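A short write-up of the structure that comes next.
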Amino acid sequence: MTSLEQSSLDQTSGGRAAGEQREGLRPVPYRGGGFRPVPIRLIGPFVFLAIVALWEAGSRSGVISNLVLPAPSEAFEAFSYLVESGQLWRHLSASLQRLVIGWTLGTALGITVGLAIGLFSLARAGLLPLVSALFPIPKIALLPLFVIWFGIGEGSKVATILFGTFFPTVIATYGGVDNVDRTLVRMGQSFGLSWRSIVRKIILPGAMPAILSGCRISASIGIILLVAAEMIGAEYGVGAYILMAGSLFATDQLLAGVAILSMLGLIVSWLIGRLERWLLAWRG
Amino acid sequence: MDLLLRGITHRYGATEVLNGIDLTVSEGEIVCIIGPSGCGKSTLLRFIGGLERPDEGEVLLSGEVPAGSLNPLTYVFQDFALLPWRSVEANVSLVLEDHPLSAAERETIVADVLERTGLSDFRKALPRQLSGGMKQRVAIARALSVRPAVMLMDEPLSALDSQTRELLMDDLVALWQRERFTACYVTHNLAEAVRLGHRIVVLSRRPGRIRTVVEIDRDLGAREAGDPKLDAVQRELWQLLRDEARAADREIADDVA
């Protein structure tokens, strides 16, 4: 074996250079990494607990005046009283009923109209300008009108939530339909699939990611509008409870009500997360 | 069943993309259509499959559709066109669901085509779990499931790396030897054309016209890489296409081809 062959073939050992001739050599500077947040468990709850603990300590030591902000323990007491007296369930069930009915109807109508706008030129030409004009109106501003149209009772509250969730769902749905891969639609046509099959098996599942992110947004809007609607002429409901607490300056009860809303939001978001994991399992 | 193209001419706006295409695809042969990019190859295939209508001319079928054919003109797409939310078997069964078949019949067909394409072990896999080559095998299985009279293949191997492409070409040759399917095979890859085509139709640059038709009378199974005769044909085709390819490369695209 000549020395030339040896040096060209014997690359795996590499032992010759190691240990000797280090001077003048330096490692390539590392420039990669970062820009990729990874989930860290328990940090979120820890931050939350730390803030509450700090707040509690501040209240007890007198740094935070009770008049300005009640201690978390007081808010918790107000919440415990709500649970014990059975009032919690009364308020919560009234609110949940309005939210579920309003959001379900709004979402169902929104998906239907969104699909129509996504599929038919006539619906797009006729309805899209209307949707664009009505979407930015704060539905709370229309609440007095809804009271006149649908009555001071449940009707106006459900209608507020319905209208509030309808528009974002329409926009999410037709955007999702627009983004469905056209080659998949052409594939369906080339195999002679019926129009119904193409809509049901190709377009609807293809638009589902967009529809579900629309649901996330509309659920939050629904909760915001729920409280606003319950501030007019509602006997029960989380919004009515907060309004009453506010007008009595019972800030501990007010905070308990706000905490209930926050928990409601978390639960709804968790439910939609489950739904996404189930319906969009194919995305991996 | 034969396929006849008569005087196909088409324009997109002011640009003429195809001009006076006359072509016959006979039963049992693979006709490859090659040409520089933007010459209207894929458009021509869309006319043949009835997904688009030409401005002038017509695409005609002659002879009976073979018995049991559910979808006589069936595409295989370049980007596979598999539904990402359906498993391999569900992607195949999708194209059977609109036909009056019982669940058991459907299941038999699905099992059969997956067996013939070597996919039986991948029935439950989702498209994202498969390599490009496997995805295209699923698409071919799906095409076979409707018992096509003519397969319309739009650059079926162009999205694959060269090694996978070799493997799939072998698969297609083996499949043709078993089933003698009819195909219209659009490609820009000359090696694929000389390997798979009984006849090779060379289109000119936009507007696409038929420049020449090269016939290769060697059995598909006997064709091998490095065959001097095939290499000669491939060189000849490249001579034909070279200047046009260069000109096409320098063109400014202003519409879809």
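In what follows, every heavy atom counts, from backbone to side chain, and hydrogens, waters and symmetry copies are set aside. Keep in mind that what you see is a predicted model, and the values were worked out from it rather than measured.
- Under the 4.5 Å side-chain criterion, counting only non-hydrogen atoms from C-beta, A/Phe191 is in contact with B/Val146.
- Other residues, nucleotides and ligands contribute more than 12 heavy atoms inside 6.0 Å of the CZ atom of A/Arg182.
- Judged purely by atom type and a 3.5 angstrom limit, B/Trp85 uses its side chain to pair as donor or acceptor with the backbone of A/Lys201.
- Only the side chain of B/Arg86 has a heavy atom closer than 4.5 Å to any heavy atom of chain A.
- Of all residues spanning residues 89-97 of chain B, those with a heavy atom less than 4.5 Å away from chain A's heavy atoms are B/Leu94, B/Val95, B/Glu97, arranged by number.
- Heavy-atom neighbours of A/Leu49 CG from other residues, nucleotides or ligands within 6.0 Å: above the threshold of 12.
- Contact between A/Leu184 and B/Leu82 at its shortest, heavy atoms only, is CD2-O, 3.5 Å.
- More than 12 heavy atoms of other residues, nucleotides or ligands lie within 6.0 Å of CZ in B/Arg123, so this atom counts as buried by the packing criterion.
- No donor-acceptor distance shorter than 3.5 angstrom exists from the side chain of B/Asp98 to the backbone of A/Ser197, with no hydrogens or angles considered.
- At a threshold of 4.0 Å, the pair B/Asp154-A/Arg186 does not count as salt-bridged, since none of the basic side-chain nitrogens sits closer than that to a carboxylate oxygen.
- Within the 4.5 angstrom heavy-atom criterion, only backbone atoms of B/Leu73 (N, CA, C, O) approach chain A.
- Around atom CZ of A/Arg26, no more than 12 heavy atoms belonging to other residues, nucleotides or ligands sit under 6.0 Å away.
- Around atom CZ of A/Phe46, no more than 12 heavy atoms belonging to other residues, nucleotides or ligands sit under 6.0 Å away.
- Heavy-atom contacts from other residues, nucleotides or ligands closer than 6.0 Å to CD of B/Glu115 number 12 or fewer.
- Other residues, nucleotides and ligands contribute more than 12 heavy atoms inside 6.0 Å of the CZ atom of A/Arg216.
- Your options are A/Gly192, A/Gly188, A/Gly206, and the one with the most heavy-atom pairs under 4.5 Å with chain B is A/Gly206.
- Proximity to chain B is absent for every atom of A/Arg196, based on heavy atoms less than 4.5 angstrom apart.
- For B/Arg53, the CZ atom sits in a loose shell: 12 or fewer heavy atoms of surrounding residues, nucleotides or ligands are nearer than 6.0 Å.
- In this structure, A/Ser190 and B/Phe77 have side chains that are in contact, with non-hydrogen atoms separated by less than 4.5 Å.
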Test A/Met187 against B/Leu83 for side-chain contact (heavy atoms from CB on, under 4.5 Å), laying out the working first. CA-CA 10 Å; A/Met187 180 277 293; B/Leu83 300 186; 4.1 Å; yes

